Undergrad: 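Got a structure for you, questions after.
Here the structure is a predicted model, which means the values were calculated and not measured. To find a chain, count down the sequence lines: A is the first, B the second, and so on, and within it residues start at 1.
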2 protein chains.
Amino acid sequence: MSAVGSSSPVGRPRAFDIDTALEKALEVFWRKGYDGTSLSDLTDAMGINKPSLYAAFGNKEQLFLKAIEKYESRPCAFFMPALEKPTAYEVAEHMLYGAAANMANKDQPQGCVVIQGALSCSEAAAAVKEALINRRLEGQQKLLQRFERAKAEGDLPASVDAETLAQYLGTVLQGMAIQANNGATPEQLQRVAKMSLLAFPR
Amino acid sequence: MSAVGSSSPVGRPRAFDIDTALEKALEVFWRKGYDGTSLSDLTDAMGINKPSLYAAFGNKEQLFLKAIEKYESRPCAFFMPALEKPTAYEVAEHMLYGAAANMANKDQPQGCVVIQGALSCSEAAAAVKEALINRRLEGQQKLLQRFERAKAEGDLPASVDAETLAQYLGTVLQGMAIQANNGATPEQLQRVAKMSLLAFPR
DNA sequence: CTTAATATGTACTAAGTGGTAAGTAACCCT
DNA sequence: AGGGTTACTTACCACTTAGTACATATTAAG
């Protein structure tokens with residue numbers, strides 16, 4: 001058997017780095033949304049031609065979905081690490097402050113591509129929209145499970161409605177994405193984060 | 001001088017009602033966003049041909065802006081009436097519960113066209129995006145002014161940061177629009193509304 | 001050096017985009 | 001009945017869209 005993986009497969013080698021190209025595509029989708037992004041936008045940003053794009057990523061829709069995966073696995077991702085905090089309050093705290101820093105970070109497009117990539121969209125983007133909705137619901141589901149665990153651990157009172165708590169937190173996080181698009185600064189979002197924590201049971 | 005107004009102007013009379021056509025256009029823009037809506041989508045929904053659309057509304061962009069005006073002046077609009085409530089808390093309360101009912105209302109597209117009409121978009125939609133951002137900021141500005149009045153009236157403690165309060169409320173309202181797009185029910189949003197009021201100073 | 005395999009650039013397709021020209025139909029006023 | 005004015009219908013425009021055929025270039029293996 002021959003070696004598998006990225007080490008010199010037969011044929012002409014790819015002239016671009018697939019990961020940095022995906023990063024470029026992500027940035028365009030993030031700024032312009034799925035409907036607002038054309039293939040020319042993508043090939044221009046990625047520095048490749050259309051046949052290379054189609055060979056490497058399938059088509060526009062699959063490229064988008066791969067870009068979303070990349071987005072969620074970024075080093076600056078704040079969601080999953082926050083879930084690991086010891087108490088429910090700290091989970092919420094880290095998630096809110098992480099979002100405040102991340103969504104208004106001037107080094108990248110404002111907001112969150114999972115929220116604004118295909119919110120209202122054409123029929124051509126219906127599958128993409130659905131995929132994004134599912135991602136958002138999964139995130140909220142993870143919060144819900146974390147808060148139920150906190151109830152089981154006695155960290156949250158048994159009387160707490162974990163579902164509403166998770167949905168409230170999801171609402172604030174998603175609202176922060178819009179605020180970032182409105183031009184809100186990280187500092188402003190931090191103050192919003194602090195205030196929204198006042199509703200959190202201790 | 002002849003009579004002005006809608007009473008029999010010269011020429012062939014318009015064969016469609018301009019207001020109901022605008023209502024149809026609004027619904028399409030609301031569901032599909034500016035970039036996701038084509039002129040064919042619009043003419044199909046409005047039941048007219050392109051030249052009629054252009055004669056009556058200018059072009060796609062102007063039609064969108066007129067549709068937004070219509071949206072904000074709807075009978076079901078909850079924003080402005082809520083501002084008139086006697087106390088800051090009641091203002092927030094009515095706004096949040098109004099949003100919960102409105103944004104998840106199954107008789108219309110989910111969410112809010114001012115938020116999702118052109119969040120991430122193409123360069124062709126840049127002017128529209130800017131117009132929507134301004135509308136959102138104006139709404140928040142109105143909230144801020146209302147809360148500052150409440151402070152002056154002694155209804156809110158002088159120590160309250162009215163700006164953050166307004167921004168927090170804006171964040172929750174905008175987050176509710178995303179939640180509605182995720183499929184949240186009016187009841188779920190009501191629980192979120194109730195919870196977000198816990199952060200509100202009394 | 002040839003062959004097989006993959007990537008590349010150029011050029012193309014069919015369909016859809018926003019927007020318009022031009023002829024015709026319907027109305028009011030004289 | 002005719003003229004003036006407006007709206008409607010049909011057909012079109014130039015351009016962009018997502019996606020692809022094809023010939024060429026670059027590599028590894030035999």
Side-chain angles (χ1 to χ4, degrees), chain A residues 1-22 25 28-29 32-67 118 121-128, chain B residues 1-22 25 28-29 32-67 118 121-128:
Chain A
M1 303 218 181
S2 59
V4 213
S6 55
S7 61
S8 56
V10 291
R12 179 173 175 173
R14 185 172 280 118
F16 63 97
D17 180 59
I18 210 163
D19 231 51
T20 60
L22 196 51
V28 178
F29 279 131
K32 301 191 168 190
Y34 185 82
D35 276 336
T37 299
S38 72
L39 281 183
S40 313
D41 292 334
L42 291 166
T43 53
D44 286 358
M46 300 164 88
I48 63 178
N49 296 35
K50 279 189 278 186
S52 298
L53 188 156
Y54 277 84
F57 302 104
N59 62 11
K60 188 185 172 186
E61 180 175 327
Q62 290 171 48
L63 173 58
F64 181 88
L65 296 175
K66 282 169 185 158
C121 61
S122 68
E123 275 129 30
V128 161
Chain B
M1 307 215 179
S2 59
V4 214
S6 55
S7 60
S8 55
V10 290
R12 177 172 173 174
R14 186 173 280 119
F16 63 96
D17 180 59
I18 211 163
D19 231 52
T20 61
L22 196 51
V28 178
F29 280 130
K32 301 194 169 190
Y34 185 82
D35 276 336
T37 299
S38 72
L39 281 181
S40 311
D41 291 334
L42 291 167
T43 52
D44 285 359
M46 300 164 88
I48 63 178
N49 295 28
K50 279 191 278 188
S52 298
L53 188 157
Y54 277 83
F57 302 104
N59 61 12
K60 188 186 173 185
E61 180 175 325
Q62 290 171 48
L63 172 58
F64 181 88
L65 296 175
K66 282 170 185 156
C121 61
S122 68
E123 276 129 29
V128 160

Undergrad: Provide, to the nearest angstrom, the distance between the CG atom belonging to Asn59(A) and the C1' atom belonging to dA18(D).
TA: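 From Asn59(A) CG to dA18(D) C1': 9 Å.
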
Undergrad: If you assign Ala55(B) and Tyr54(A) each to the DNA chain D nucleotide with the nearest heavy atom, which residue ends up on the more 5' nucleotide?
TA: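 Closer to the 5' end of DNA chain D: Ala55(B).
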
Undergrad: Does the side chain of Lys50(A) get closer than 4.0 angstrom to OP1 or OP2 of dG19(D) through an N or O atom?
TA: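 Checking dG19(D) against Lys50(A), no side-chain N or O comes under 4.0 Å of OP1 or OP2.
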
Undergrad: Just checking Pro51(B): base, sugar-phosphate only, or nothing, at a heavy-atom cut-off of under 4.0 Å?
TA: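 Base, at least one base atom sits under 4.0 Å.
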
Undergrad: Tell me which of Phe16(A) and Ser40(B) sits closer to the 5' end of DNA chain C, going by the nucleotide each one is nearest to.
TA: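 With Phe16(A) and Ser40(B) compared, the 5'-side residue is Phe16(A).
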
Undergrad: To the nearest 0.5 Å, what is the distance between CG on Leu63(A) and CG on Leu22(A)?
TA: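 Answer rounded to 0.5 Å: 6.5 Å.
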
Undergrad: Rounded to the Å, how far apart are Asp35(B) CG and dG16(C) C1'?
TA: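 The answer, rounded to whole Å, is 15 Å.
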
Undergrad: Atom CG of Leu39(A) to atom P of dT20(D): distance rounded to whole Å?
TA: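 Interatomic distance, CG of Leu39(A) to P of dT20(D): 11 Å.
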
Undergrad: Mind checking Ala15(B) for me? I need base, sugar-phosphate or nothing, with any heavy atom below 4.0 Å counting as a touch.
TA: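 Counting heavy atoms under 4.0 Å across all strands, the contact made by Ala15(B) is with sugar-phosphate only.
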
Undergrad: Calculate the interatomic distance between Arg12(B) atom CZ and dA25(C) atom C1'; express it in whole Å.
TA: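 One finds 5 Å between C1' of dA25(C) and CZ of Arg12(B), rounded.
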
Undergrad: Under 4.0 Å between a side-chain N or O of Ser52(B) and OP1 or OP2 of dA7(D)?
TA: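 No, outside the criterion.
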
Undergrad: Taking the side chain as every heavy atom from C-beta outward, state whether Ile48(A) and Leu42(A) have any atom pair closer than 4.5 Å.
TA: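 No, side chains not in contact.
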
Undergrad: Taking any heavy-atom pair under 4.0 Å as a contact, classify Thr37(B): base, sugar-phosphate, or nothing.
TA: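 Since only primed, P, OP1 and OP2 atoms lie under 4.0 Å of Thr37(B), the category is sugar-phosphate.
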
Undergrad: Donor-acceptor pair, Asp35(A) side chain versus Asp35(B) backbone, under 3.5 Å?
TA: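 Between the backbone of Asp35(B) and the side chain of Asp35(A) there is no qualifying donor-acceptor contact (under 3.5 Å).
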
Undergrad: Using whole Å, report how far CZ of Phe57(A) lies from C1' of dG19(D).
TA: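 Roughly 16 Å, once rounded to whole Å.
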
Undergrad: Just checking, any donor-acceptor pair under 3.5 angstrom between side chains of Asn49(A) and Ser52(A)?
TA: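 Their side chains do not contain a donor-acceptor pair, so the 3.5 Å distance test is not met.
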
Undergrad: If we ignore hydrogens and angles and just use 3.5 Å, is the side chain of Lys32(A) paired with the main-chain N or O of Ser38(A) as donor and acceptor?
TA: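 No: the side chain of Lys32(A) does not pair with the backbone of Ser38(A).
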
Undergrad: Over how many whole Å does the gap from Lys60(B) atom NZ to dC15(D) atom P extend?
TA: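 Nearest whole value for this atom pair: 19 Å.
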
Undergrad: Grab the CD-P distance between Gln62(A) and dA18(D) for me, whole Å please.
TA: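 It works out to 15 Å between those atoms.
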
Undergrad: Look at Ser38(A) and dT16(D) and indicate whether a side-chain polar atom (N or O) is within less than 4.0 Å of OP1 or OP2.
TA: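 Result: no.
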
Undergrad: Of the options dT27(D), dA7(D), dA5(C), whose atoms approach the side-chain atoms of Arg14(B) most closely?
TA: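 So the side chain of Arg14(B) is nearest to dA7(D).
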
Undergrad: Rounded to the nearest angstrom, tell me the gap between atom CG in Leu63(B) and atom P in dG19(C).
TA: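 Going from Leu63(B) (CG) to dG19(C) (P), I get 10 Å.
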
Undergrad: For Asn49(B) and dC8(D), is the shortest distance between a side-chain N/O and OP1 or OP2 below 4.0 Å?
TA: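 Answer no for this pair, as no side-chain N or O of Asn49(B) is under 4.0 Å from OP1 or OP2.
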
